[in-house]
Amino acid sequence: MRAAVLGGGPGGLYFAISLKLRDPAHEVVVVERNRPGDTFGWGVVLSDETLTNLRANDPESAELIRGSFAYWDDIAVHYRGTTVRSGGHGFCGISRKRLLNILQDRAAALGVELRFETEVQDLTAFAGYDLIVGADGVNSRVRAAYADVFKPDIDVRACKYIWLGTHQKFDDAFTFIFEETPHGWIWAHAYQFDADTATFIVECSERTWRNFGFDRMSADETIVTCEKLFAAYLGGNSLMSNAKHLRGSAWLNFNRVLCERWSYRNIVLLGDAAATAHFSVGSGSKLAMESAIALANYIQSEPDLAAAFRRYEDERRLEVLRLQNAARNSTEWFEDVERYLHLDPVQFNYSLLTRSQRISHENLRQRDAEWLSGAEKWFEQQATGRRPNRARPPMFVPFRVRGLELVNRVCVSPMAQYRAVDGTPNDWHFVHYAERAKGGAGMVFTEMTCVSAIGRISTGCTGLYSEEHEQAWKRLVDFVHAETEAKIAIQLGHSGLKGSTQLGWETPDAPLIEQNWEVIGPSCVPWSPDNQTPREMTKGDIDKVGEEFVRAAEMANRAGFDWLELHYAHGYLMSSFITPLTNKRTDEYGGSLENRMRFPLEVFHAVRKVWPDEKPISVRISAHDWVGPNGIQPQDAVAISRMLAEQGVDLVDVSAGQTTVDARPVYGRMFQTPFSDRIRNEVGIGTLAVGNIYEPDHVNSILMAGRADLVCLGRPHLADPYWTLHAAADLRYEGVAWPKPYWRGRDQLNRLKSRAEVMTGKV
Ligand SMILES: Cc1cc2nc3c(=O)[nH]c(=O)nc-3n(C[C@H](O)[C@H](O)[C@H](O)COP(=O)(O)OP(=O)(O)OC[C@H]3O[C@@H](n4cnc5c(N)ncnc54)[C@H](O)[C@@H]3O)c2cc1C
Ligand SMILES: Cc1cc2nc3c(=O)[nH]c(=O)nc-3n(C[C@H](O)[C@H](O)[C@H](O)COP(=O)(O)O)c2cc1C
């Protein structure tokens with residue numbers, strides 16, 4: 001086979017090597033515009049895992065690469081005059097130039113023809129080749145030539161960065177330096193890659209970049225400015241650029257590239273040309289080189305190029321998506337870093353280390369148990385004012401708000417049971433909620449409990465609009481208080497235009513088969529074409545619903561509830577006022593966000609007046625309508641939360657969606673937590689995170705990173721009422737209270753866990 005590899009970066013060179021290794025008869029040429037020693041970067045990070053893959057493919061070059069590695073274990077973060085250092089991270093770095101030289105020599109030794117200083121203008125010169133590999137990097141000309149086929153999605157990210165080098169030693173830790181300046185924050189990622197050189201990437205927001213005037217500076221002026229900025233860390237060493245051949249100031253925006261197709265006829269894309277991964281997860285060279293192995297493998301094993309390309313793309317696309325997901329989290333963290341710059345250095349460091357969501361709480365414990373234990377103690381000290389002798393997982397640290405203390409930070413999320421008759425909770429509810437309160441959660445939310453009969457979603461919904469309801473709830477609340485350490489919260493709501501619908505396990509949100517009641521809403525906009533069109537509420541209706549909320553709050557207080565949550569999410573009445581999708585009013589309750597929030601805020605004020613001062617109120621919102629700019633977006637959720645905070649709401653319970661049938665949500669692990677993070681850290685109000693959070697590790701990471709104050713778990717509590725007790729056993733934390741009659745079961749469970757740890761060599 002005659003193969004032309006266009007681009008002699010790590011991807012192209014390693015593919016040429018891999019193909020030759022599989023069949024020396026292949027004729028392979030690598031065409032590269034630069035000279036052998038030229039390179040735009042300084043050092044690259046590779047992991048041990050990548051090196052193992054390289055060794056399996058070509059032990060000879062792998063050994064040379066390993067021999068050139070600089071190793072370090074720690075991450076050091078300089079921030080607000082402190083340095084926080086944690087260990088166990090295990091990196092190795094190599095100079096990009098050295099890596100390329102090793103690969104160039106190896107390729108040449110295997111008989112690959114290397115054509116340097118040759119610019120590829122178009123593909124006509126390669127017409128006679130059987131295979132053309134577009135390994136020409138992020139600005140690939142091969143990709144551009146067939147852009148209509150490859151369909152690249154190029155996302156130009158917000159921050160500005162410049163890739164520099166220095167002879168200052170950063171050989172004891174991968175180092176992040178965050179500097180506050182009158183022009184804004186600017187930071188550096190620094191790591192050693194050979195005996196006397198380190199990479200020094202400087203990054204900042206576009207605003208800071210302009211404030212500094214970097215947009216008008218030459219590369220040399222930029223360097224002088226950066227040297228002054230980071231002088232305290234450079235020990236008199238200068239910064240160096242080797243990208244002076246680039247146009248302008250050499251500052252770049254990172255381009256996230258992902259192509260819809262990676263091949264066309266006999267042309268295939270490889271490395272950055274096909275897909276990129278942000279430099280803050282240090283995996284672009286790894287991706288390119290591992291893709292090179294896969295492509296060479298399939299070209300060897302498959303009967304024709306089409307089959308080889310198919311298998312290559314299937315395998316590598318999955319890996320790319322996984323990495324791009326982590327890289328996106330990491331990119332966004334740096335883009336939004338100003339949101340976190342109020343955090344204490346310990347929490348800031350934790351947030352930085354866990355930014356990609358690839359490293360969890362327990363991963364950090366494996367890396368550096370001592371550091372994590374210190375961080376856990378810090379977390380507890382913030383909450384209780386006392387530094388404990390022994391650390392405990394963040395989820396088991398008490399939470400205090402107003403006059404209430406929760407024993408831990410796990411909540412049973414509100415979940416409709418559809419088992420009530422005429423709004424009255426019955427034995428089902430008693431057993432269901434009592435079990436969950438016994439199960440160790442710090443607080444149990446009731447399902448959305450409706451303030452009137454027509455405010456119910458279905459005929460099975462619970463209510464708080466009669467003496468009978470109040471008494472039934474009181475019986476449950478009394479039991480929870482007498483027999484458990486849990487607190488119990490009532491969630492109050494009104495169904496609005498999503499009322500008069502079927503039970504959760506029938507056709508949810510579809511109208512009743514018969515005996516529908518009239519539904520009301522802000523405007524005559526039905527939930528779906530199959531639902532009733534709501535009657536537009538008059539001022540009289542608005543006042544009446546407000547009074548119903550107040551009446552229900554008074555009943556909830558008499559029943560003894562500890563906490564009240566107003567349900568302003570999921571498309572029910574209050575939510576339908578907030579979102580412009582269903583609120584089309586032209587009076588003072590419609591139009592601007594301020595107007596759309598008027599009714600929800602009026603209700604909050606009225607309820608707050610009758611709800612005792614020592615008891616908290618939270619508000620659940622939908623932070624995203626998932627329909628783009630026509631609906632609520634996360635930035636609107638910040639504005640909503642700011643209004644709630646200003647009016648005295650204690651915490652925002654951050655849910656999302658269910659406000660329109662047109663929603664296109666993006667699901668995933670902890671998928672709503674970023675909204676909670678943003679609200680908590682931009683507005684400065686406490687939050688509850690919810691949504692696909694199901695492992696103790698998730699809960700601890702969210703809390704420790706300051707992404708929420710409390711964590712609600714819904715479905716996990718349907719599957720396991722004792723989720724919290726079981727989490728404690730899994731984490732080997734014994735400070736959680738089991739009901740006395742269950743102590744023998746607790747002891748056996750703990751014994752079994754200890755034994756399992758011994759058997760698996762964990763202790
Ligand atoms: C600031 C920064 C830091 C990074 N840090 C790391 C890290 O620590 N670890 C890591 O794994 N990755 C890192 N990366 C990513 C990594 O550099 C790339 O992902 C990797 O180089 C991709 O390899 P490639 O072979 O696909 O492309 P490239 O390395 O970009 O190689 C493409 C080659 O094609 C040549 N070329 C392009 N067009 C033409 C043309 N028309 N004619 C002839 N030749 C052409 C170029 O000169 C170049 O040599 C970083 C990237 C940046 C921007
Ligand atoms: C059966 C069921 C009923 C629910 N009812 C309510 C409710 O009454 N009020 C509410 O705010 N959310 C309700 N939700 C949403 C949950 O509180 C929670 O936000 C959602 O299930 C996501 O969390 P999870 O992934 O932990 O389940 C319900 C969810 C389920 C599964």
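Both counts, for ligands and for their atoms, begin at 1 and track the order of listing. FYI, the numbering just counts along the sequence from 1.
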Any idea which atoms of ligand 1 are less than 4.0 Å away from a heavy-atom of [X]?
X: Arg141; answer: 41 (N)
X: Ile201; answer: 1 (C), 3 (C)
X: Pro10; answer: 21 (O), 23 (O), 25 (O), 29 (O)
X: Gly282; answer: 7 (C), 8 (O), 9 (N), 10 (C), 11 (O)
X: Lys286; answer: 11 (O)
X: Asp272; answer: 18 (C), 19 (O), 20 (C), 22 (C), 26 (O)
X: Tyr191; answer: 5 (N), 8 (O)
X: Gly271; answer: 26 (O)

Classify the contact between [X] and ligand 1 as side chain, backbone, both or neither, using a heavy-atom distance cut-off of under 4.0 Å.
X: Phe174; value: neither
X: Ser283; value: backbone
X: Ala277; value: neither
X: Leu13; value: neither
X: Asn34; value: side chain
X: Arg33; value: both
X: Ser285; value: both

Under 4.0 Å, counting heavy atoms only: does [X] come that close to any atom of ligand 1?
X: Arg96; value: yes
X: Phe254; value: no
X: Thr276; value: no
X: Tyr161; value: yes

For this session: I would like to know whether Ser291 and Arg316 meet side-chain hydrogen bond (donor to acceptor under 3.5 Å, both in side chains); could you show each step before the answer?
Result: CA-CA 6 Å; Ser291 289; Arg316 295 307 297 167; 2.8 Å; yes
Exercise. Taking atom 30 (O) of ligand 1 as the point of reference, which of Ala273, Gly137, Ala135 owns the nearest heavy atom?
Worked result: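 It is Gly137 whose heavy atom sits nearest to atom 30 (O) of ligand 1.
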For this session: Select the closest option to atom 1 (C) of ligand 1 among Trp163, Trp42, Phe15, judged by heavy-atom distance.
Result: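 Checking each option, the heavy atom nearest atom 1 (C) of ligand 1 is found in Trp163.
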Problem set entry | With Ser330, the side-chain hydrogen bond (donor to acceptor under 3.5 Å, both in side chains) member among Arg358, Arg355, Gln357 |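 Of the listed options, the one satisfying the test is Arg355.
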Problem set entry | Neighbour list for ligand 2 [protein residues, heavy atom under 4.0 Å] |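 The 4.0 Å shell around ligand 2 contains Ser413, Pro414, Met415, Ala416, Glu447, Met448, Gln491, His567, His570, Arg620, Val690, Gly691, Asn692, Leu713, Gly714, Arg715, Pro716.
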Going by atom types alone, do [X] and [Y] pair a side-chain donor with an acceptor below 3.5 Å?
X: Ser140; Y: Asp272; answer: no
X: Glu565; Y: Ser618; answer: yes
X: Ser47; Y: Thr50; answer: yes

Exercise. When you look at His494 and Tyr572, which way does the ring-ring contact (aromatic ring centres under 6.0 Å, His included) test go after all the steps?
Worked result: CA-CA 6 Å; His494 188 298; Tyr572 298 113; 9.6 Å; no
Exercise. Quick one: does Glu447's side chain have a donor or acceptor within less than 3.5 Å of a partner on Gln417's backbone?
Worked result: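 Yes.
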Considering all heavy atoms, the nearest [X]-[Y] contact:
X: Gly93; Y: Trp72; value: N-CZ3, 3.4 Å
X: Ile17; Y: Leu103; value: CD1-O, 3.5 Å
X: Ala656; Y: Phe675; value: CB-CE1, 4.1 Å

Exercise. Is Gly11 in polar range of ligand 1, meaning some N or O pair under 3.5 Å apart?
Worked result: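 In this structure, Gly11 places an N or O atom under 3.5 Å from an N or O of ligand 1.
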Problem set entry | N or O pair under 3.5 Å between Gly284 and ligand 1 |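 It does: an N or O of Gly284 is found under 3.5 Å from an N or O of ligand 1.
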Problem set entry | Chi angles and distances behind the ring-ring contact (aromatic ring centres under 6.0 Å, His included) call for Phe170, Tyr191 | CA-CA 6 Å; Phe170 288 98; Tyr191 53 93; 9.5 Å; no
Exercise. Just how far is it from atom OG1 of Thr331 to atom CZ of Arg328, taken to the nearest 0.5 Å?
Worked result: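 These two atoms lie 9.0 Å from each other.
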Exercise. Considering residues at least two apart in sequence or located in another chain, which fulfil the salt bridge (charged side-chain N to carboxylate O under 4.0 Å, His left out) criterion with Arg322?
Worked result: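 Scan of Arg322 (salt bridge (charged side-chain N to carboxylate O under 4.0 Å, His left out), adjacent residues dropped) gives Glu319.
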Problem set entry | Audit row: Phe69, Phe193, ring-ring contact (aromatic ring centres under 6.0 Å, His included) steps and yes/no | CA-CA 7 Å; Phe69 267 155; Phe193 62 81; over 10 Å; no
Exercise. Can you name the one residue among Trp209, Phe279, Phe334, Trp187 that meets ring pair (Phe, Tyr, Trp, His ring centres under 6.0 Å) with Tyr161?
Worked result: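 Option passing the ring pair (Phe, Tyr, Trp, His ring centres under 6.0 Å) with Tyr161: Phe279.
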For this session: Could you tell me whether Arg98 and Asp194 have a side-chain N and a carboxylate O separated by less than 4.0 Å?
Result: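 No, Arg98 and Asp194 are not salt-bridged.
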Problem set entry | Basic-acidic side-chain contact under 4.0 Å: Glu32, Arg115 |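 No, no charged N to carboxylate O under 4.0 Å.
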